[in-house]
Every structure is written in C-alpha cells, then in structure tokens.
Amino acid sequence: MPPPTVPFFLTSTTLAAAAAKPQRPGPPSPPAQQQQPREARDGSRDACASYTARMRLNPQLALRLFDHLLRSGADPDHVAYALALGRCARGRDRRAAAQLHSHAAKRGAASHRRVCNGLIHAYAVCGSLLDARKVFDRGHEGDAVAWNSLLRGYAAAGDVNALREFFVGMQARDTVSWNTIIAWCVENGEYEEAIAVFREMLASMECLPDRVTLVSVISAITYLGALAQGLWAHAYVCRKGIEVEERLSSALINMYSKCGCIEGAVHVFENLGAQMNVDTWNAMLAGFTANGCSEKALELFARMEITGLVPNKITFNTVLNACSHGGFVEEGMGCFERMTKVYGIEPDIAHYGCMVDLFCRAGLFDKAEKMIQMMPMKPDAAVWKALVGACKTHRNFELGRKAGHMLIEAAPNDHAGYVLLSNIYALDGNWTGVHKVRKLMLDRGVQKVPGSSSIEIDGVIHEFISGDKSHSSKEDIYEMLSEMCQQLKVAGYVPDTSHVLLDIDDEDVKESSLALHSEKLAIAFGLISTAPGTPIRIAKNLRVCGDCHNAVKLLSKIYGRCIIVRDANRFHHFREGSCSCGDFWTVYSGSRESSALTSTRWPAADSSYPAPVDNKL
DNA sequence: GGAAATTCAA
C-alpha cells in the first residue's frame, strides 16, 4: 500500500528535515546507511541503542524520545519504530502511527517484521482496521503477533461474525489469540460464552492457558456468581502452577467475594505473601464491604496504613462505602478528612456520593444536604439516588419528592428514579402522584427491568423471572413454593404488601405477586435440588425487596440453610433467621452494636474455607 | 526477543 502522505511527525521540523537528508536519494539507490562511513554508522547505531533503551524504560515518553533521536541525527532502527508505534497504540494515536508509517516507508524500514507488527497493532487498536489489514496483507504471513494484532482489531471493531471468521481461519492460534476472544466475550457481557471458549481452548490442546486467560475466565465466573466453577478455576491455577501475581490475586479475591464466599477471599488474600499491591488490598476491602463486613473492612484499612501502603482513590471509595453500609458516621467523616489532608487526594463525585449516602442512611439529612451544597461539581444520579432511597426508608416524603424529581432529571432513562419516586408517593398514599410518575415514565418510553434471580446447580445456571413457569421442573418448584408459604405462615410471617406499590386494593393479588418474586422461585428450586444443610447461593439483578428480605430470613431458619443472595448492590447472608446486612438497608437502627454483624460471624481464614476441588468445569 | 491479552469503585 502507499504509505500515508502525512509529511511530518510530532514537531514538524524533525521528520521533514530527516527525510530531506541529502545523503538519502530516492530508489533505486541503495539505502543511505550503506553510503555512510563506517564510524558514522557505528555512532548512529550506538546513539539509537541508547535511545531505544530509554524508550523501553519510559514507554510513556517513547514518542518524545523518538523525536529526540531524529533530532540527534541518528537513524532509527526497527526497534525504535516498534517502540514508538507501541506508544501510539497505547495512546490510541492514529495520526502519530500514520506519520511513523510514512517515515519508516521513506527509510525503507516499513517492511521490517517488527515495524509491520507495530503498525498492524497500532492501526487495529485505533480503529483503522482497513489500514491494519493492508499492512498485514503485504506483510509476514504466519507471524503470530501480526495475526493476533489483527484479531485484536476485529475484536475492537465489534463485528462478531468477522471476528469469529478471522479467528477460525487463523493459521496458528496461540494463547494470546484465545485470550483475545475470551476477553472480548467478558467485555461484551457474554460470560457463559467466555467460559465456553475457555473449554474449547482446553479441548483444542493448541496451547496452554496462562494467567491472563485465568483472569478473564475468573472474571466471567464472577459476573455469573458461579462459585463451583470459581473453585475449579482456582484449583486449576494451583494445579498448573500459574503464577498468582497482583492481577490474578485481585481477580480471585473478587471472585470469592462476589460469589458470597468471603472466607475464600480472605484465604487467598492472607496467603499471598509478597504478591500484593494497592489493588489487591482494594479488592479485599471491597469484598468485606459488599459482604456486609464493614468492621472488617475498617480493620483491614487500618492494617493497610500500618504496612505503609499508600491508599488511592479507589481505596477511599471502598472504605467510605464500608462506613456508610456499616453506619460508621464518625469514622466516615474521619476518613474523608484524612483522604484530603493526609493523602492529598481530591475527592471526586464518587467520594461525595459515599458521604451523602453515609449521612442519608443515618437519617442525618441536614448533613447530607450540606454535603451536596459544598460539592464543587453538579450532583449526579447516584447522589440523588442515595438521598431518595434514604428518604423512602426514613419516610421523609417532602425531601424525597424533591430529590426524586432531581433524580429523574439527572437520569431520565433509568427506570430506578421513576420507581423510587413513585414508591415515595405510594408510601405517602398519594396515588395521583404515583400515576403522574408512571405516565411520565411511559411517555418517555422508559422500561422497567424485570427482576431475575439465578442459581447454579451442578455447574448449570438456572435463571428465574417473577412468576416464571418455563423451568422443566416447574411442578416441583411450585409445590415447594407453596410448602414454603405454609411454613412461613406457621412461623408467623405476614406478607409486607407495602412493597407491592401498585394501586391495587386486593390484598390477595398483592400477596400472590410477592410470593412469586424471582428469588423465592430460585430458593424453592435450590431447596429441592441440593442436599439438606447445603448453602443456597442466589444472584439477583435488582435489589431484594423488603418483603423477600423478611421471608428469606425466616426461610433460612425454617430450613436450616444459609442462603446467600447477591443483589445489584451487595450480598445478604441469611443465617438462622437474620441477615449479615443487619437490615441496615431497610431500617437504620442507629447504633453500631445493633448491627447483626459481629466479628465472630465469619470463621477464621481457613477454618471453613472449602479447599479448591478438582470438579469438572 | 518483543508484543499481544487482564482486576479493584456509589
């Protein structure tokens, strides 16, 4: 292909001057280097080597160093081009890549294998798939890097069919090729597909998975909440001796945390040794927070500070979140201050959001409003959502209405705002308000996401929506469900129909719609499909409603099961009639002691931690 | 021999 005609690179003078060097006549004369005296050639090579060494050490400065290299009068070699192109790829700088292409072509370097690979990669990640393809087509067939770089381009372009076709037609697929596909699946929410591709990878025997493969696969498993598969993946890592460096350990900690198995996360974390960085600590902090172990999170944060590790924005985001979920108002305020004063971290909108949430949950609406006023930026939907949610809990209808309207203005396409606002009106008995909000939602074409819950049985994910009758075992499930309802009534459970915020008077209809919530169906299926005493793990796409929360607490006691529900925000560990969240999200009790979480709730690091088992994926 | 692929947050 003809190289792009951009005449200069970075500073316009350097490339133009370099290209116009008198000792560089056009083809068919031999390359200029061969005409230089030997000493000059050696000097240029040394200078170039010194620059490429610096480019390797400071990849961020690669383009600038390349520029300096040209200014010094030395000739860039293929390594210098490749390193500069690598920087273009990372910075998604297509223009600079095209300039380098043009420059290399003039110097006769554009056909070098490494330069070609650099060009393909840079063009591919910058979205110039056609340019990447052109370089590829006239380049080195069979070079794995070239194939993988182009594959990456197809993945970035998002055309699944083209991606699949290219992948299938690849001459030699290696670990990177498979990793690219698996990562693409995860990025695009195709988690089951990611695991299926991983299985194919193993079956193909073409190459071995590495730690990058496992990070992606474990991430897919995390999204699915599939603990059994997570245990398998962890066992695979151990068995194959795959190095558990910072990223893989974060992924594992995250997997165990998000599968509701905090003991597993702690086990991984405590056995890491030197392979730890801020991200690992953040993952563990987030794990404690999501599982309702706020005190543990704060203890860990204190430990982190003692070890001398410097916390970052994410650390504080997580810690503030822990404070807010645990009702630690004082501690949260202290952390917020330390973040700015000790660590010099400028709070971003997320941190302000956490603080508003912290005050709101504690019912300190004055402080929350003050925080909103002092924010240097415009409050976003999350801030309003925290305020509206708390107003609903604390039945502060006036403020709730105002904040609710702000929320639907800040996020007009999110159904959550409309639902929350209509809930506020409904709790206030203002049905006119409810209808107005519903009409607004309808007029704007905003759809409510249907609630769904899933449960993994023997490695298979079963998903239920409210009132679902599509499952093959539906008779057994509904029989179990009616038994559950009877047992609940015996235990003194009264359906809390205030959670059915429909303008209907018939309590029976309200009751039956509650009884068919997706999590109850999933629990019914879990009870008939697992051995007595086995924990039941449910993943739900929305938040658990207050009625289900009450019902599941009782069910955990009636059936002697630990029921772990992952909802859109956090985990609920139901055990013997109570929940690890301490009902905090529904009714804030105000005092730390009354939180259902005690430090003895979780077993020590490895006492009840299930050792990785080599079951089939 | 290098490059390519990756986690944590309301």
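So that the names make sense, note that chain A is the first sequence line, chain B the second, and so on, each numbered from 1.
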Taking donor-acceptor contacts at under 3.5 Å, does the side chain of Arg113(A) reach the base of dG1(B)?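 Counting by modelled atom types and ignoring angles, a donor-acceptor contact under 3.5 Å is found here.
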Atom-to-atom span, [atom1] of [X] to [atom2] of [N] - whole angstrom:
X: Met355(A); N: dA9(B); atom1: CE; atom2: P; answer: 20 Å
X: Asn188(A); N: dA5(B); atom1: CG; atom2: C1'; answer: 15 Å
X: Tyr191(A); N: dT6(B); atom1: OH; atom2: P; answer: 14 Å

Please tell me which of the listed nucleotides, [options], lies nearest to the side chain of [X]?
X: Asp174(A); options: dA4(B), dA5(B), dC8(B); answer: dA4(B)
X: Asn317(A); options: dA9(B), dT7(B), dA5(B); answer: dA9(B)
X: Val215(A); options: dA4(B), dA10(B), dT6(B); answer: dT6(B)
X: Ala286(A); options: dT7(B), dA9(B), dG2(B); answer: dA9(B)
X: Asn148(A); options: dA10(B), dA4(B), dA5(B); answer: dA4(B)
X: Ile314(A); options: dA9(B), dT6(B), dA10(B); answer: dA9(B)
X: Asn254(A); options: dA10(B), dA5(B), dC8(B); answer: dC8(B)
X: Arg114(A); options: dT7(B), dG1(B), dA10(B); answer: dG1(B)

What contact category does [X] fall into here, base, sugar-phosphate, or nothing, at under 4.0 angstrom with non-hydrogen atoms?
X: Arg247(A); answer: base
X: Asn321(A); answer: sugar-phosphate
X: Glu245(A); answer: nothing
X: His351(A); answer: nothing
X: Ala183(A); answer: sugar-phosphate
X: Ser149(A); answer: nothing

Compute whether any side-chain donor of one residue and acceptor of the other, for His573(A) and Asn291(A), lie under 3.5 angstrom apart. yes
Reference residue Asn148(A); test side-chain hydrogen bond (donor to acceptor under 3.5 Å, both in side chains); the match among Asp174(A), Asn117(A), Thr175(A): Asp174(A)
Listed by chain and number, what are the salt bridge (Lys or Arg N to Asp or Glu O under 4.0 Å) partners of Lys367(A), not counting sequence neighbours?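 Not a single residue meets the salt bridge (Lys or Arg N to Asp or Glu O under 4.0 Å) criterion with Lys367(A).
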OP1 or OP2 of dT7(B) versus the side-chain N and O atoms of Ser219(A): is any pair under 4.0 Å?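 Yes, Ser219(A) has a side-chain N/O under 4.0 Å of OP1/OP2 on dT7(B).
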Can a side chain N or O of Lys258(A) be found less than 4.0 Å away from OP1 or OP2 on dA9(B)? yes
Sub-4.0 Å heavy-atom contacts from residues 402-411 of chain A onto DNA chain B, ordered by number: none
List in chain and number order the residues that pass ring-ring contact (aromatic ring centres under 6.0 Å, His included) with Phe359(A), two or more places apart in sequence or in another chain; answer none if no residue qualifies.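 By the ring-ring contact (aromatic ring centres under 6.0 Å, His included) rule, Phe359(A) matches no residue at all.
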Side-chain donor/acceptor pairs under 3.5 Å, residues 374-382 of chain A, sequence neighbours excluded:
| from | atom 1 | to | atom 2 | distance (Å) |
| --- | --- | --- | --- | --- |
| Asp380(A) | OD1 | Ala382(A) | N | 3.3 |
| Asp380(A) | OD1 | Val383(A) | N | 3.2 |

ring-ring contact (aromatic ring centres under 6.0 Å, His included) pairs, two or more places apart, involving residues 297-318 of chain A: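 ring-ring contact (aromatic ring centres under 6.0 Å, His included) check on residues 297-318 of chain A returns Phe301(A)-Phe316(A), Phe316(A)-Tyr343(A).
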Pairs meeting criterion ring-ring contact (aromatic ring centres under 6.0 Å, His included) with involvement of residues 373-393 of chain A, two or more places apart: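 As it turns out, there is no ring-ring contact (aromatic ring centres under 6.0 Å, His included) pair with a partner in residues 373-393 of chain A once direct neighbours are skipped.
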